[in-house]
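Some notes on the structure that comes next.
Below, all heavy atoms of this structure are taken into account, side chains as well, without hydrogens, waters or symmetry copies.
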Amino acid sequence: MTARPAPGNSRDPLLLQVWKGRTGYLMLVPTMVLLGVFMYYPAFLGLYRSLFDWAPGLDADFVGLGNFVKLFTKDKVFQQSMGNMLQLSLWYVLSTVFVSLFVAILLHRMISQRLKYLYRFLAILPVIIPGIVLLMLWKFIYDATVGPLNMLLIAIGLEEWTRAWLANPNTALYAVMLRNFPWVDGVAILILLAGLQVIPQEIIESARIDGATNWRILRSVEFPLITGQIKLLTVLTIMWGVQEFTAVFAMTQGGPINKTMVPGMWMFWNAFRINKMGYAAAIGVILFVLTLILTLINMKYITTQEY
């Protein structure tokens, strides 16, 4: 006697599988409709508009890849913004990932559990503060007249070092980069600390029995076992640098003389200040492609790895 196939058997025709699971598919319809209207439609519309020289209220002229060619051959501001984006991304990796890794290792090695919980709480506490509040605070710190940074330099006899930090072309980008001192990211610390805590203690104890020092255990045991978390944070941090906009908009708006301009800010400027919507859409497509590439790298080579 032949057994009856279970509902939704993979050997059933596709339409039959869909019909058997119709309740679940129907429940997904509202979500997919909202995603299509508010996510996919704007993305495809932006890709379409990037092929036109277009401004609101005016006729659109088809230029094909002309906007992209202009961005990489004639637009000096865009090229400078790409360089600034690269510097910011590299700095974010060095500061956020490596400083957070150092702090996570220190927390993991603490003997007192009470102090470990306290310091972990203090590390994660700034996450609840809205990012724009911190940016406004650092803008005040850098203020040329009443900012605490210049006042501190004057107080210790280094008046000649005072600057209009965000208005000086030589220091503006570095001022944006060095904000959020001491560059400790609470979420990154929790991810790294979780990776360290799940390492079996038997491995650590075996290494100690073999005479391994704390440094050798870190280098040869713990560090290799949290490589997945480090790679994941590195890719996510680079994506953060590629999409950077908020900090530049809040602190400098791309000035002075485009020294802190980033692609996201240049896209905003073209779209809402000079109404070059087609040109701004082309910048958005480039940022989308960069983010997509990093996402694919993350999905294929990092999050699917097993240790």
Side-chain angles (χ1 to χ4, degrees), residues 85-131 133-134 137-138 174 176-244 247 290-307:
M85 180 194 72
L86 178 61
Q87 292 184 62
L88 286 170
S89 299
L90 292 176
W91 169 250
Y92 290 160
V93 171
L94 291 174
S95 60
T96 302
V97 177
F98 287 96
V99 173
S100 298
L101 175 61
F102 176 74
V103 174
I105 292 171
L106 291 180
L107 286 174
H108 181 63
R109 292 292 178 85
M110 292 185 69
I111 298 176
S112 172
Q113 291 296 321
R114 183 174 298 178
L115 288 178
K116 180 185 292 188
Y117 289 134
L118 173 62
Y119 283 116
R120 188 171 60 183
F121 170 76
L122 293 176
I124 196 64
L125 186 61
V127 174
I128 68 175
I129 302 175
V133 174
L134 295 175
L137 175 62
W138 276 96
Y174 299 109
V176 174
M177 292 169 61
L178 296 174
R179 73 186 192 280
N180 293 341
F181 178 84
W183 316 301
V184 175
D185 184 87
V187 175
I189 289 175
L190 289 183
I191 292 174
L192 294 167
L193 193 58
L196 290 168
Q197 290 177 341
V198 298
I199 297 175
Q201 286 300 310
E202 294 80 2
I203 299 177
I204 305 298
E205 294 301 327
S206 298
R208 294 191 188 279
I209 293 173
D210 290 337
T213 62
N214 286 333
W215 168 249
R216 183 62 185 271
I217 292 174
L218 173 63
R219 182 169 59 88
S220 301
V221 179
E222 293 176 332
F223 188 78
L225 291 176
I226 61 170
T227 303
Q229 286 89 340
I230 295 174
K231 289 182 178 179
L232 175 62
L233 287 173
T234 299
V235 173
L236 294 178
T237 304
I238 294 175
M239 291 172 62
W240 171 32
V242 169
Q243 300 174 2
E244 180 62 276
L290 289 174
T291 305
L292 177 63
I293 291 173
L294 291 170
T295 302
L296 293 175
I297 292 174
N298 178 34
M299 293 175 62
K300 184 173 179 62
Y301 295 107
I302 297 177
T303 56
T304 58
Q305 291 186 10
E306 296 180 0
Y307 292 85

Give a yes or no on whether Arg216 atom CZ has more than 12 heavy-atom contacts from other residues, nucleotides or ligands under 6.0 Å away.
-> no
Would you give the length of the straight line joining atom CG of Leu232 to atom CD1 of Ile226, rounded to the nearest 0.5 angstrom?
-> 12.5 Å
Between Gln87 and Met177, which heavy-atom pair has the shortest distance, and what is it?
-> O-CE, 4.1 Å
Would you say the side chain of Tyr119 lies within less than 4.5 Å of the side chain of Leu106, judging by non-hydrogen atoms?
-> no
Pick one: which of Trp91, Phe102, Phe98 meets ring-ring contact (aromatic ring centres under 6.0 Å, His included) with Trp183?
-> Trp91
Note: Pro224 and Val221 closest approach over all heavy atoms is CD-O, 3.4 Å
Heavy atoms, side chains only, cut-off 4.5 Å: are Gln229 and Val97 in contact?
-> no
Can you tell me how far CZ of Arg109 sits from CD1 of Ile217, rounded to the nearest 0.5 angstrom?
-> 6.5 Å
Any side-chain heavy-atom pair from Phe223 and Ile230 closer than 4.5 angstrom?
-> yes
Which value, rounded to the nearest 0.5 Å, describes the distance between Leu233 atom CG and Leu192 atom CG?
-> 5.0 Å
Sub-4.5 Å side-chain heavy-atom contact between Glu222 and Leu196 | yes
For residues Asp185 and Thr237, determine if any side-chain heavy atom of one lies less than 4.5 Å from a side-chain heavy atom of the other.
-> no
Close side-chain approach of Val93 to Ile238, heavy-atom, < 4.5 Å = yes
What is the minimum heavy-atom distance between Pro126 and Leu122, and which atoms define it?
-> CD-O, 3.3 Å
Exercise: identify the closest heavy-atom pair between Val99 and Pro182 = CG1-O, 3.5 Å
Compare every heavy atom of Lys116 with every heavy atom of Leu107, then report the nearest pair and how far apart it is.
-> O-CE, 3.1 Å
Across all chains, not counting sequence neighbours, the side chain to side chain contact (heavy atoms under 4.5 Å, CB included) partners of Gln243 are Thr291
To the nearest 0.5 Å, what is the distance between CG (Leu193) and CZ (Arg120)?
-> 6.0 Å
Quick one: are Trp240 and Leu88 in side-chain contact, heavy atoms under 4.5 Å?
-> no
Between atom CD of Glu202 and atom CD1 of Ile204, what is the distance when rounded to the nearest 0.5 Å?
-> 10.0 Å
Of all the heavy-atom pairs spanning Gly186 and Val127, show the shortest one and how long it is.
-> CA-CG2, 4.1 Å
Side-chain heavy atoms of Met85 within contact of Leu290, under 4.5 Å | yes
To the nearest 0.5 Å, tell me how far Thr295 OG1 sits from Leu236 CG.
-> 8.5 Å
Between the main-chain N or O of Ala247 and the side-chain N or O of Arg179, is there a donor-acceptor pair closer than 3.5 Å?
-> no
